[in-house]
Amino acid sequence: MTSMANEPATSKVVCTLFDKNPRRIGVSTTDPNFIGYVNGVKIGYFTNNGTSRDDRSDNLCTHNVPVTCYSSASLLDRRSVIDVLRFCSNEGCLELGRRYHGLIIKSGFGVDQFVGTSLVDMYAKCGDMGSAVMLINRMPYLDVASCNCLISGCAKNGLFDEAFSFFMMFDGIDIGPNHYTYTIMLAVCGSLLAIEEGKQLHAQIVKMQYISDTAAGNALLTMYSKCGMMQDAESLFKGLVQRNVVSWTAIINGFKQHRDFEKALRLFCLMSEDGIDPNEYTFSIALASCASMKNLDIGRMFHAQVLKKGLALGDYVGTTIVDFYSGLGEAGDAGKQLKEMGKFASSASWNAHIAGFVHNEKAEEAIEVFADMVKNDEACDEFTYSMILKACSSLPSLVTCEQIHSRVIKAKFVSNMHVGSSLIDAYNKCGSVEDAERVFTQKSSADVVSWNSMIKAYSQNGHPTKALALFQKMIEGGIMPTNSTFLAVLSACSHSGMVQEGQKLFESMVRDYNILPEETHYSCVVDLLGRAGQLENALDFIKNLPVKPTAPVWRPLLAACRCHNNLQMAEFIAKQILELDPNDATVYVTLSNMYTEAGQYTDAEKQRKLMTVKDVAKEPGCSWIEINNRIYRFFSHDKSCSESPRVYQKLKQIVQQIEKRGYTLSAKEDNVALYHSEKLAVGFGLINLPAGKRIRVFKNLRVCPDCHSFLKYLSTIVDKEIVLRDNYRFHHFKQGCCSCGDFW
DNA sequence: CTAGGGTTAG
């Protein structure tokens, strides 16, 4: 045996093996996870994970399966055997299929080629590839249908390299691929974005005269559109001998996937003119397009159409409707749809409702729906946990986060990429780097997303050195960084004044990792230079960008001008930003306050007037107050809070009292954030906050004694409901106070 | 008779 113990064979290795006229694939009898050997060399590795849906088979056994299932073997007939196996394949009932397999062996139908193929298909579709391969090897002879089942099984289980290997097998044995085989392989190419291989298959299809087969044509169409070649897909579509509803759906979905929603909807109309009726697939795509376009009217129209056709309660269409309404903030309609779906609702439908609340920053409502979902015994999946953890981060609530974490552990989702990284993110946002660290180290295998989350956690919680060290470790571990990785390390450098490191990283991004910088990276570099006071360098950087600078690229430089008192440059930058985004309230606030501090009161007032005339100050979640020619802006994640007159009065009172006490509320900071956590207001922006940074105070946050007493003072004047937690950590720490940035 | 093509969400 070779030493390839834990890695799947690559198609390259396998292809060369198959080139040498392979005879037979074999399977290990001792290790159920090994799929097989060719001429004594292992070619693949399967994980036997087909048991995940077994909980469903008990129900299905008692309700939906033909009676013969329970009858003695002698009562089985060939027809129903095949029917039941097809049923198991479609529903993913592995356990039921296994039991049925036993009956089949007893009855003697096991030797039947068609029954054998159905069995292979059942195991493959249920995810038990080990058994599928074992059966293939025991079949008296292989035919194209059984091979297709095997290849299709690989493809459905994400084993694309293995699918290719088995496809190559056709060259070595007497049977050849047929049109079924090509459709399967085209789907594999689509998933791998393997356009070259796809084109080769296209050529073979033409040569073999399968091109007139509708399914093959549709598979080609999908392959091209998945690979991003929409022009080829469209011309292929136009040239199709026969366009059925699947062809139309495929091309419409292609344009939807590439975010050309208008074109997608235009084609939807053309389709009806062509006399083809849209079905549930087409409607799902159309509704999802409306959701992405944020077009409530057209979406409602589609909703009406599916209602009329009686398709509105199906899992996919129904869920898309929930998603459509909740994504547009129409939570009422979303909830109504979910309720109407009743038992037809799947976990996806619930997830869509939760996601809508999370995206619209209504974390509490999201958690309520989650509680409802649990109460309804709906199984939570990776999406549910990932979404609900995002809700925890925006609250932010450590307690809720811990509760969800325990559910995640119980449901065995910690190792899932999305759930794991959301967990790290959530602990990060709740201020507990220690917990984030624990999740990260306990994950059996870390994926790049989790590495990114952990680096970001260090970076955002005042551990820039740790962030960079972890980045180094990641590179040494051979993990390819992504653009988010660089965002995290660049911001770590920027917040800790490591200008040179930051610049080096930015350069290596393109040079060593071939990652094209985006707007956010440029913005980070501008921030890096600006914070360090290198205003001219930052300006040069922007001027020399290969693309036209956008408002988000200019903004950090304006903030830097404010910090470093460069009014002249601030005026120039302000002009640039307003040209790109005339409604940016920050610009007026910043300029006005800078003029006030420079004693240019007329100029200051001019800015405030402009701001009022343009009515730009009314950002959601933000209110502002003018005291002594200065503007203070208050942010709160709770819209109703920042917009309520009572709160407005309260805030005004606070600022006045603060000023009366001789404090200058944020000499360099015009934004004051008001956060709530678990019904407590936990923080205020304070003196000398770096621009753009809003403070959050959590129980484990490191606050220096000065700020602590200031925060305590604030808490006494704000409101009775607003109480600060008294368990800050008070010891010497190496990184700065999260409030004022001072070192203690 | 057995195998194939199009749908939801981080």
Side-chain angles (χ1 to χ4, degrees), chain A residues 77-83 85-86 89 112-122 124-125 139 143-153 155-156 177-188 190 210 213-223 225-226 240 243-254 256-257 278-289 291-292 311 314-324 326-327 345-356 358-359 381-390 416-422 425 449:
Chain A
D77 66 275
R78 189 168 171 273
R79 186 70 244 174
S80 65
V81 164
I82 290 170
D83 280 350
L85 287 175
R86 188 192 292 123
S89 299
D112 184 288
Q113 187 70 12
F114 284 76
V115 173
T117 302
S118 303
L119 272 168
V120 172
D121 190 51
M122 184 276 294
K125 288 234 172 68
M139 286 177 93
D143 61 9
V144 62
S146 47
C147 289
N148 285 343
C149 284
L150 184 67
I151 298 176
S152 159
K156 294 258 150 59
N178 63 4
H179 52 302
Y180 284 91
T181 325
Y182 284 109
T183 54
I184 300 166
M185 288 314 296
L186 282 168
V188 172
Y210 291 142
D213 182 81
T214 323
N218 293 341
L220 265 173
L221 181 58
T222 308
M223 188 276 296
S225 85
K226 275 194 182 156
L240 282 183
R243 281 184 291 271
N244 61 8
V245 64
V246 179
S247 330
W248 281 97
T249 310
I251 192 81
I252 292 173
N253 190 38
K256 187 212 129 198
Q257 293 289 321
N279 61 13
E280 51 186 322
Y281 287 83
T282 334
F283 275 119
S284 299
I285 299 162
L287 273 158
S289 304
S292 304
L311 298 172
D315 186 6
Y316 280 100
V317 176
T319 300
T320 315
I321 294 171
V322 176
D323 181 58
F324 164 72
S326 64
S346 64
S347 45
S349 326
W350 286 89
N351 293 345
H353 198 204
I354 293 175
V358 175
H359 290 144
D381 61 13
E382 58 205 286
F383 285 93
T384 324
Y385 289 117
S386 159
M387 276 334 288
I388 216 68
L389 283 165
K390 277 193 203 323
N416 176 276
M417 180 175 85
H418 295 289
V419 179
S421 58
S422 302
D425 272 344
V449 187

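Letters A, B, ... are given to chains in the order of the sequence lines, protein chains preceding strands, and every chain is numbered from 1. Fair warning: this is a prediction, and the values are worked out from it, not measured in the lab.
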#### Entry: For A/V322 against A/A352, the heavy-atom pair lying closest together
CG1-CB, 3.9 Å

### Query
Looking at the side chain of A/V246, which of B/dG10, B/dG4, B/dG5 is the nearest nucleotide?
B/dG5

### Query
Are OP1 or OP2 of B/dG4 and a side-chain N or O of A/S152 less than 4.0 angstrom apart?
yes

### Query
Between B/dG4, B/dG10, B/dA3, which nucleotide has the shortest distance from any of its atoms to the side chain of A/N416?
B/dG10

### Message
Considering every strand and a 4.0 Å limit on heavy-atom distances, what is the contact class for A/Q113: base, sugar-phosphate, or nothing?
### Response
nothing

### Task
Report yes if a side-chain nitrogen or oxygen of A/N253 is closer than 4.0 Å to either non-bridging phosphate oxygen (OP1 or OP2) of B/dT7; otherwise report no.
yes

### Task
Would you check if A/F383 stacks with the base of B/dA9, given a 5.5 Å centroid limit and a 30° plane limit, both strict?
yes

## Note on the structure
Taken in chain and number order and not counting sequence neighbours, the residues that satisfy side chain to side chain contact (heavy atoms under 4.5 Å, CB included) with A/S152 are A/K156, A/I184

### Query
Does a side-chain N or O from A/K390 land closer than 4.0 Å to OP1 or OP2 of B/dA9, or not?
no

### Message
From C-beta outward on A/A250, which listed nucleotide comes closest to its side chain: B/dG5, B/dT8, B/dG6?
### Response
B/dG6

### Query
For the pair made of CD1 in A/I354 and C1' in B/dA9, what is the distance, rounded to whole Å?
11 Å

### Message
Tell me whether the side-chain N/O atoms of A/K256 come closer than 4.0 Å to OP1 or OP2 in B/dT8.
### Response
yes

### Query
With distance as the sole test, does A/S386 use its side chain to make a donor-acceptor pair with the main-chain N or O of A/S422 at under 3.5 Å?
no

### Query
When all nucleic acid strands are considered with a 4.0 Å heavy-atom cut-off, which category describes A/S346: base, sugar-phosphate, or nothing?
nothing

### Message
I'd like to know if A/S284 reaches the base of B/dT7 with its side chain such that a donor and an acceptor end up less than 3.5 angstrom apart.
### Response
yes

### Message
Under the rule for side-chain hydrogen bond (donor to acceptor under 3.5 Å, both in side chains), what residues qualify as partners of A/D381, not counting sequence neighbours?
### Response
A/N351, A/T384

### Message
Taking any heavy-atom pair under 4.0 Å as a contact, classify A/N244: base, sugar-phosphate, or nothing.
### Response
base

### Rounded distance (Å) that lies between atom P of B/dT7 and atom CZ of A/F283
17 Å

### Task
Let me know the distance between CG of A/N148 and P of B/dG5, rounded to the nearest Å.
11 Å

### Query
Across the strands shown, which category fits A/N351 at heavy-atom distances under 4.0 angstrom: base, sugar-phosphate, nothing?
base

### Task
Taking all heavy atoms of A/S225 and all of A/G254, pick out the closest pair and write down the distance.
OG-CA, 3.8 Å

### Query
Taking the side chain of A/V245 as heavy atoms from C-beta outward, which of B/dG6, B/dT8, B/dA3 is closest to it?
B/dG6

### Query
Roughly how many Å is it from CG in A/N279 to P in B/dT8, rounded to a whole number?
13 Å

### Interatomic distance where CD1 belongs to A/I184 and C1' belongs to B/dG6 [whole Å]
16 Å

#### Entry: Polar pair under 3.5 Å, donor/acceptor by atom type, side chain A/R79, base B/dC1
no

### Message
Measure CH2/A/W248 against C1'/B/dG5 and give the value in whole Å, please.
### Response
17 Å

### Task
Would you mind reading off the distance between A/Y281 atom OH and B/dG5 atom P, rounded to a whole angstrom?
10 Å

#### Entry: Touch class at under 4.0 angstrom, heavy-atom based, for A/A348 against every strand present
base

### Task
Describe the nucleic acid contact of A/H359 in one word from base, sugar-phosphate, nothing, applying a heavy-atom distance below 4.0 Å.
sugar-phosphate

### Task
Give the rounded distance in Å between these two atoms: CD1 of A/I252 and P of B/dT8.
13 Å

### Task
Kindly state whether the pair A/Y316 / B/dT8 counts as stacked, where counting means centroids closer than 5.5 Å and planes tilted less than 30° apart.
no

### Query
Does a donor on one side chain sit under 3.5 Å from an acceptor on the other, for A/D323 and A/T320?
no

